[in-house]
2 protein chains.
Amino acid sequence: MSKQTAKGVETRQLLLNTALRLFATKGFAGTTMRAIAKESGLSLGNAYYYFESKDEIVHEFYRGLVEQHRTTAWPMLVEGNTLETNIRLALEQGLAVLAPFHEFGPAFIRTAFSGSHGELSDVQRALEFGLWRQVVTMSRPLPPLAIRQDLPQLLWLIQRGIFLFWAYDSSEKAMRSHRLVKNAAPMIARLVVLSRMPVVRTIIDDVLSLIRTAT
Amino acid sequence: MSKQTAKGVETRQLLLNTALRLFATKGFAGTTMRAIAKESGLSLGNAYYYFESKDEIVHEFYRGLVEQHRTTAWPMLVEGNTLETNIRLALEQGLAVLAPFHEFGPAFIRTAFSGSHGELSDVQRALEFGLWRQVVTMSRPLPPLAIRQDLPQLLWLIQRGIFLFWAYDSSEKAMRSHRLVKNAAPMIARLVVLSRMPVVRTIIDDVLSLIRTAT
DNA sequence: ATTACTTTTTGATCATGTTCAAAAAACGAA
DNA sequence: TTCGTTTTTTGAACATGATCAAAAAGTAAT
């Protein structure tokens with residue numbers, strides 16, 4: 001077993017900070033492991049002592065962006081907004097946070113979806129859920145009771161889909177992704193209203209159980 | 001401008017055949033550009049004369065698999081099957097064809113979704129649509145007229161989603177993807193029946209127009 | 001056949017992600 | 001302090017995807 005010394009965490013943090021700075025200035029392809037090491041005043045091998053791969057660094061970067069999405073979107077979700085408004089705000093803020101890093105899209109997908117969901121991923125998911133719970137509970141009028149419970153999960157799933165779409169959206173300024181959000185928000189809100197009807201409710205139940213088999 | 005000579009197409013074909021053979025035996029990571037060249041009795045640079053990148057070769061490989069999906073699934077769609085059966089058959093056959101190449105998942109996604117689609121991709125999409133049209137027209141009873149027209153497109157979209165899911169499905173033997181298909185087929189069939197109801201129909205219309213803004 | 005031109009092929013070279021054995025530094029017990 | 005152990009760091013290597021200038025082979029007109 002390897003015990004992390006104080007100097008250890010410091011070095012790791014240094015590497016990570018350097019990497020994030022380079023990511024922001026040079027982009028994904030432009031940020032080489034050698035550059036991260038050199039810019040930190042360390043050797044290449046040393047970087048690999050703390051990070052198994054470049055993707056692992058990207059993963060930490062991505063986690064930071066998710067965190068940033070959460071903290072910037074949260075205060076926008078003020079009580080009294082319609083559900084549609086809150087959904088649109090949360091989704092658009094997500095795109096806004098990701099916007100400067102579109103080049104990272106496929107890498108983000110790789111790290112966010114691929115990884116044999118470890119414990120960390122569970123914590124992460126719980127955090128993301130929190131935002132969508134907030135979207136729901138701050139909405140007025142509140143969504144029908146029958147669906148209120150499950151709505152955060154559905155919204156989270158929709159966000160994942162939009163995230164995927166964005167990652168491979170090659171339109172100018174990810175315009176198509178924005179259009180998608182713009183149109184999806186009112187549609188989802190309408191769907192929620194309709195969920196009072198038994199037929200619609202059974203469909204939603206089907207979708208939910210489908211999600212659960214897949215998760 | 002470069003004109004392709006007879007020897008040219010021959011060499012290209014040789015490289016491609018070698019690549020496909022190696023892909024099938026050594027996998028994605030195990031098949032190196034050097035190996036493809038050497039096994040073809042050619043130089044590395046020569047391979048790059050005919051293929052811009054390794055991904056481009058993978059893309060051709062993927063197109064072949066899609067073709068194989070089409071030709072193997074088609075005869076299974078016999079008249080008289082229920083819609084659910086046909087959907088399940090087509091989806092499962094898709095997974096079956098892809099199964100030996102799960103390692104290629106992310107690479108397939110990259111080539112299938114990413115690339116600023118040229119004309120070729122349109123042809124490809126039309127072909128894929130054909131299968132789903134067959135799924136619909138061979139079903140008994142035929143789906144409600146109101147939705148019959150749009151159903152192929154919806155099914156195609158669902159298949160893309162399942163394809164994505166499969167690509168990042170790290171469960172044993174892609175078990176979760178199979179479970180997803182198993183549960184999705186009857187659900188979709190139920191949804192189609194319900195589409196006779198105006199409420200459901202409006203939802204489907206919403207989804208369709210959403211797709212169209214995104215495509 | 002000679003010549004001018006185009007297509008194909010090569011071989012060397014680069015850049016970058018990744019690995020690894022060994023040196024250096026830090027640590028902890030005697 | 002000193003010695004053995006562990007953690008950190010280095011520097012050299014490797015493998016592979018990609019590029020490119022120049023050689024070779026092919027083509028077509030005169």
Side-chain angles (χ1 to χ4, degrees), chain A residues 1-20 22-23 25-62 103-104 106-111 114-115, chain B residues 1-20 22-23 25-62 103-104 106-111 114-115:
Chain A
M1 285 287 98
S2 55
K3 222 162 97 182
Q4 184 105 324
T5 214
K7 176 141 195 171
V9 296
E10 197 180 321
T11 303
R12 194 193 136 97
Q13 198 54 240
L14 169 63
L15 282 164
L16 192 54
N17 290 341
T18 306
L20 300 196
L22 290 180
F23 279 157
T25 57
K26 312 278 187 189
F28 175 69
T31 300
T32 171
M33 288 298 282
R34 281 168 179 78
I36 295 173
K38 174 167 265 184
E39 195 78 4
S40 305
L42 300 170
S43 76
L44 173 60
N46 206 358
Y48 276 96
Y49 179 74
Y50 290 102
F51 299 95
E52 214 171 42
S53 65
K54 190 179 176 182
D55 269 6
E56 190 181 323
I57 307 185
V58 170
H59 187 56
E60 302 227 6
F61 180 39
Y62 173 70
E103 187 202 359
F104 287 73
F108 285 161
I109 299 292
R110 224 181 303 144
T111 88
S114 189
Chain B
M1 286 294 99
S2 56
K3 222 163 95 182
Q4 184 105 323
T5 214
K7 175 139 195 171
V9 295
E10 197 180 320
T11 303
R12 194 193 137 98
Q13 198 53 240
L14 170 63
L15 282 164
L16 193 53
N17 291 340
T18 307
L20 300 195
L22 290 180
F23 279 156
T25 57
K26 311 279 187 189
F28 175 70
T31 301
T32 172
M33 288 297 283
R34 280 168 179 78
I36 295 172
K38 174 168 264 184
E39 196 77 4
S40 305
L42 299 170
S43 74
L44 173 61
N46 206 358
Y48 277 99
Y49 179 76
Y50 289 102
F51 299 94
E52 215 171 41
S53 65
K54 189 178 177 182
D55 269 5
E56 190 181 323
I57 306 184
V58 170
H59 186 57
E60 302 228 6
F61 181 39
Y62 173 70
E103 186 203 358
F104 288 74
F108 285 162
I109 299 292
R110 224 181 303 145
T111 87
S114 187

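Quick note: numbers below take in every heavy atom, side chains included, and nothing from hydrogens, waters or symmetry partners.
With values rounded to the nearest 0.5 angstrom, Leu14(B) atom CG is found 11.0 Å from Ile36(B) atom CD1. The OG1 atom of Thr18(A) sits 9.5 Å away from the CD1 atom of Ile57(A) when rounded to the nearest 0.5 Å. To the nearest 0.5 Å, atoms OG (Ser40(A)) and CZ (Arg12(A)) are separated by 12.5 Å.
Judged by closest nucleotide on DNA chain D, Gly45(A) is the one of Gly45(A) and Gly45(B) placed further toward the 5' end.
Thr11(B) has a side-chain polar atom (N or O) that falls below the 4.0 Å cut-off from OP1 or OP2 of dT9(C). Phosphate contact (OP1/OP2 of dT9(D), side-chain N/O of Tyr50(A), threshold under 4.0 Å): present. OP1 or OP2 of dG17(D) has not a single side-chain nitrogen or oxygen of Ser53(B) nearer than 4.0 Å. Put simply, Tyr49(A) has no side-chain N or O that comes within less than 4.0 Å of OP1 or OP2 on dT9(D). Listed pair Asn46(B) / dT8(C) fails the phosphate criterion, with no side-chain N or O lying under 4.0 Å from OP1 or OP2. Within the structure, a side-chain polar atom (N or O) of Lys54(B) is placed less than 4.0 Å from OP1 or OP2 of dG17(D).
Rounded to an integer number of Å, the gap from Leu44(A) CG to dA12(D) C1' is 11 Å. Taking atom CD of Glu10(A) as the reference point, atom P of dT7(D) lies 18 Å away to the nearest angstrom. dA13(D) atom P lies 18 Å from atom OH of Tyr48(A), rounded to whole Å. In this entry the distance linking CD of Glu52(B) with C1' of dC20(D) reads 15 Å, nearest Å. The nearest whole Å value for the distance from the CG atom in Asp55(A) to the P atom in dT16(C) is 16 Å. Counting to the nearest Å, the C1' atom of dA24(D) and the NZ atom of Lys7(B) are 11 Å from each other. Computed from coordinates, the Ile36(B) CD1 to dT9(C) P distance equals 16 Å when rounded to whole Å. For Lys38(A) and dT10(D), the NZ to P distance is 13 Å, given to the nearest whole Å.
For Met33(A), the side-chain atoms get nearest to dT18(C) when compared with the rest of dT27(D), dT8(D), dT18(C). Distances were taken from every side-chain heavy atom of Arg34(A) (C-beta onward) to each of dC14(D), dG17(D), dG26(D); the shortest belongs to dC14(D).
Within the 4.0 angstrom heavy-atom criterion, only backbone atoms of the sugar-phosphate kind lie near Leu42(B); the bases stay farther away. Counting non-hydrogen atoms under 4.0 angstrom, Gly8(B) reaches the backbone sugars and phosphates but no base. Within 4.0 Å of Ser43(B), counting heavy atoms only, lies at least one base atom of the nucleic acid.
Using bins of under 30°, 30° to 60° and over 60° for the plane-to-plane angle, the ring pair Phe108(A)/Tyr62(A) lands in the tilted bin.
Open room surrounds CD on Glu52(B); 12 or fewer heavy atoms of other groups in view lie less than 6.0 Å from it.
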